[in-house]
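Working notes, beginning with the structure itself.
The sequence lines fix the lettering, A, B, ..., with proteins before strands; numbering per chain opens at 1. The structure presented is a predicted model; accordingly, all values stated were derived computationally and were not measured.
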Amino acid sequence: MCGRFTLFHSIDNIAQAFNVEVPKSMQQAPRYNVAPTQDIVTILNDGTTPQLELLRWGLIPSWAKDESMGSKMINARAETLAEKPSFKRLLHSRRCLIVADGFYEWMQEPGSKLKTPMYITLKDHAPFAFAGLWDSWKNPAGEQIRTCTIITTSPNDVVSPIHNRMPAILLPEARAEWLDPKQKDERFLQELLKAYPAQEMEARPVSRRVNDTRYDNADLIA
DNA sequence: CCAGACGTTGTT
DNA sequence: GTCTGG
DNA sequence: CCAGACGTTGTT
DNA sequence: GTCTGG
């Protein structure tokens with residue numbers, strides 16, 4: 001699955017890599033330990049052009065009575081998106097990219113309760129896009145809260161020794177297709193959610209300090 | 001029809 | 001054991 | 001994902 | 001909002 005990731009590239013870097021404008025007001029410190037419920041950098045097409053937006057990680061559907069769902073729906077299974085009441089509607093109209101440059105998976109040590117955190121990136125260390133879904137929820141104060149979830153899929157050969165799920169990373173050429181509001185073909189969209197090519201990825205163990213969400217420092221991945 | 005759930009992961 | 005918060 | 005709380009009453 | 005269970 002995907003419950004923790006990094007985003008240390010600058011907003012300017014990201015904007016250039018994804019060919020989008022930098023919103024004037026957007027500030028983002030380098031992050032080495034992004035956790036659910038926090039605001040994350042996304043790209044979505046809410047009108048005519050893809051835009052950088054900060055969304056809260058943990059989907060709160062528009063019909064939710066309270067925000068308790070937000071800490072549960074941090075992932076969505078690619079295989080069942082088109083069937084699940086919570087996601088089907090979003091697959092048609094609320095797709096987004098979630099920008100990252102690495103993610104963590106915890107590997108269960110055989111014959112032990114210990115888990116080793118592994119850090120997984122592209123070999124060229126470029127920023128990439130998780131496939132995501134988003135929604136907007138009106139809180140009791142009447143404010144629209146935008147939230148999102150990261151789609152998971154079967155692991156490739158780099159991740160399968162570590163874990164039985166991995167986040168769906170879109171190939172660069174698939175990003176525009178995923179964001180295209182006119183694209184409604186479920187099968188076509190789900191085809192974009194296959195595991196990223198293993199030969200372009202690498203994984204290595206990192207410090208257990210990453211376990212604590214309050215610890216967010218560059219030495220985690222040094 | 002209405003009422004109530006709506007999710008993933010991992011582990012057993 | 002299970003839920004909540006980050 | 002992991003860490004940390006998990007309860008009530010009353011008082012400040 | 002939409003699906004499932006009764």
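Using a 4.0 Å cut-off between charged nitrogen and carboxylate oxygen, A/Glu79 and A/Arg165 count as a salt-bridge pair.
If you take OG1 on A/Thr42 and CD on A/Gln51, they are separated by 10.5 Å, rounding to the nearest 0.5 Å. A distance of 11.5 Å separates OG1 of A/Thr149 from CZ of A/Phe130, quoted to the nearest 0.5 Å.
Look at CG on A/Asn164: it is 13 Å from P on B/dT8, rounded to the nearest Å. We find that CZ of A/Phe130 is positioned 12 Å from C1' of D/dC1, with the value rounded to whole Å.
Looking at heavy atoms from C-beta onward, A/Trp134 lies out of side-chain contact with A/Leu90 at the 4.5 angstrom threshold.
Cluster membership check: A/Phe18 does not share its hydrophobic cluster with A/Leu55, using side-chain heavy-atom separations under 4.5 Å among Ile, Leu, Val, Met, Phe, Trp and Tyr.
No contact: A/Ala64 has no heavy atom under 4.0 Å from any strand. Among the atoms of the strands shown, none is found under 4.0 Å from any heavy atom of A/Ser68. When heavy atoms are screened at a 4.0 angstrom cut-off, A/Glu83 is found touching no nucleic acid atom at all. Within 4.0 Å of A/Phe87, counting heavy atoms only, lie sugar-phosphate atoms of the nucleic acid but no base atom. Among the heavy atoms of the strands, none lies under 4.0 Å from A/Leu59.
Take the nearest nucleotide of DNA chain B for A/Trp106 and for A/Pro85: the residue whose nucleotide is more 5' is A/Pro85.
Comparing B/dG7 with C/dT2, their C1' atoms sit 16 Å apart, to the nearest whole Å. Rounded to whole Å, the P atom of E/dC3 lies 16 Å from the corresponding atom of B/dT8. B/dT9 and D/dC1: their C1' atoms are spaced 9 Å apart (whole Å).
With A/Arg175 contributing its side chain and A/Phe128 its backbone, the two residues share no donor-acceptor pair below 3.5 Å.
Considering only side-chain N and O atoms, A/Arg77 lies under 4.0 angstrom from the phosphate OP1 or OP2 of B/dT9. One finds a side-chain N or O of A/Thr80 lying less than 4.0 angstrom from the OP1 or OP2 phosphate oxygen of B/dT8.
When distances are taken from the side chain of A/Arg214 to each of B/dT8, D/dA3, B/dC6, the shortest belongs to D/dA3. Out of B/dC6, B/dT11, D/dC1, the shortest distance to the side chain of A/Arg4 is found at D/dC1.
Scanning DNA chain D for stems, defined as runs of 3 or more consecutive Watson-Crick or G-U wobble pairs whose donor-acceptor distances all fall under 3.5 Å, gives the following ranges: C:1-6 with D:1-6.
With a heavy-atom cut-off of 4.0 Å to chain A, the contacted part of DNA chain E has its first and last nucleotide at E/dG1 to E/dC3.
Just one residue in the list A/Asp212, A/Asp219, A/Asn211 forms a side-chain hydrogen bond (donor to acceptor under 3.5 Å, both in side chains) with A/Tyr215, and that residue is A/Asp219.
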